[in-house]
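The structure appears right after this line, and notes come after that.
Each ligand, and each atom within it, is numbered from 1 in the order the structure gives. Quick note: residue numbers are just sequence positions, from 1. Quantities reported herein were computed from a predicted structural model and do not represent experimental measurements.
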Amino acid sequence: MTEFKGTALTPELYAYVLAHNPPLDPVQRGLVETTQRALPAHAVKQIAEEQVPLLAFLVRLTGARHVVEVGTFTGLSALAMAQALPEGGGLVALDISEEWTAYARQAWEQAGVDGRIDLRIAPALDSLRAMPAEPHIDLAFLDADKDNYVNYWEELVPRLRPGGLIVADNTLMMGSVLDPENHPAGAHVREFNTHVAADKRMESVMLTVADGLTLARRVG
Ligand SMILES: C[S@@+](CC[C@H](N)C(=O)[O-])C[C@H]1O[C@@H](n2cnc3c(N)ncnc32)[C@H](O)[C@@H]1O
């Protein structure tokens with residue numbers, strides 16, 4: 001077996017990592033707190049804190065102007081990415097929940113990025129299929145229902161510009177990818193990971209960030 005050269009995270013080490021990342025701004029921090037207070041049973045859906053500066057970093061690194069998000073919840077990931085867009089850039093946010101995205105709308109307005117975000121409330125697969133078929137997306141963040149991950153991928157890849165990036169969250173699914181018989185979500189993500197690794201149109205790497213984060217770039 002290949003030797004593991006990673007560093008196991010302790011709570012102290014995790015706090016150290018966060019302390020050396022750009023801090024959340026007041027609107028981002030407020031959204032984390034509001035989500036935990038108002039939706040305690042669902043707050044785990046929100047991206048991990050270290051992913052906030054990472055998503056912004058990826059938007060800036062790629063120079064993305066047209067971003068699509070599949071799975072918005074209370075809007076933290078969309079907020080981070082929209083804040084990092086250049087002048088004239090835009091983000092299309094897809095979700096099915098009016099209730100959860102109401103918190104998102106508030107935070108986006110507070111941060112002054114609501115004008116850059118087009119929130120579409122409908123099953124994300126329908127919203128993706130309604131988008132232009134030609135390559136026009138620079139960066140897509142995938143963070144919705146796991147049973148549709150492969151379907152989302154298949155809608156996104158042809159719409160990605162050459163060099164465009166897909167960032168897929170939860171690709172370790174809390175380790176359940178290794179126990180698919182007992183975890184339906186783990187089975188779906190396992191199928192997705194196999195699909196991604198075999199896709200010759202994309203170059204992909206799976207990272208052990210938070211619950212697993214796969215970065216995939218369109219090469220063909
Ligand atoms: C893990 S949360 C997204 C977290 C979000 N990215 C954030 O930063 O807080 C998943 C979201 O996917 C949405 N969702 C689930 N099934 C969906 C579907 N079929 N179409 C669109 N959105 C869906 C849920 O309503 C939920 O808000």
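In terms of N/O distances under 3.5 Å, ligand 1 is not approached by Ala144. Considering backbone and side-chain atoms together, Ser77 places an N or O closer than 3.5 Å to an N or O of ligand 1.
Among Asp143, Asn148, Val44, the residue whose heavy atom lies closest to atom 2 (S) of ligand 1 is Asp143. Between atom 13 (C) of ligand 1 and the options Leu76, Val70, Asp95, the minimum heavy-atom separation is to Asp95. Here the shortest heavy-atom distance to atom 5 (C) of ligand 1, taken over Ile47, Ile96, Thr72, Thr74, belongs to Thr72.
Salt-bridge formation is not detected for the pair Glu181/Arg190: no Lys NZ or Arg NE/NH1/NH2 atom is positioned less than 4.0 Å from an Asp or Glu carboxylate oxygen.
Side-chain contact check for Thr214 and Thr171: at least one donor-acceptor pair (N or O, by modelled atom type) lies under 3.5 Å. Between the side chains of Gln28 and Glu49, not a single donor N or O lies within less than 3.5 Å of an accepting N or O. A donor atom on one side chain and an acceptor atom on the other are not found under 3.5 Å apart for Glu191 and Thr194.
Looking at Ala124 against ligand 1, both its backbone and its side chain come within 4.0 Å, counting heavy atoms. In Phe73, the parts holding a heavy atom less than 4.0 Å from any atom of ligand 1 are both the side chain and the backbone.
Atom 1 (C) of ligand 1 has Lys45 O, 3.2 Å as its closest protein atom, hydrogens excluded (heavy atom only). The single protein non-hydrogen atom nearest to atom 17 (C) of ligand 1 is Asp145 OD1, 3.3 Å, given as residue, atom name and distance.
Partners of Ala56 according to the side-chain contact (heavy atoms from CB on, under 4.5 Å) rule, which considers only residues two or more places apart in sequence or in another chain, are Arg60, Ala84. When the side-chain contact (heavy atoms from CB on, under 4.5 Å) test is applied to Met174, the partners found at least two apart in sequence or on another chain are Asp211.
Interface atoms of ligand 1 facing Pro123, defined by a heavy-atom separation under 4.0 Å, are 20 (N).
Using a 30° and 60° split on the angle between ring planes, His136 and His66 fall in the perpendicular class, above 60°.
At least one heavy atom of Tyr152 sits closer than 4.0 Å to an atom of ligand 1.
Within a 6.0 Å sphere centred on OH of Tyr14, other residues, nucleotides and ligands contribute more than 12 heavy atoms.
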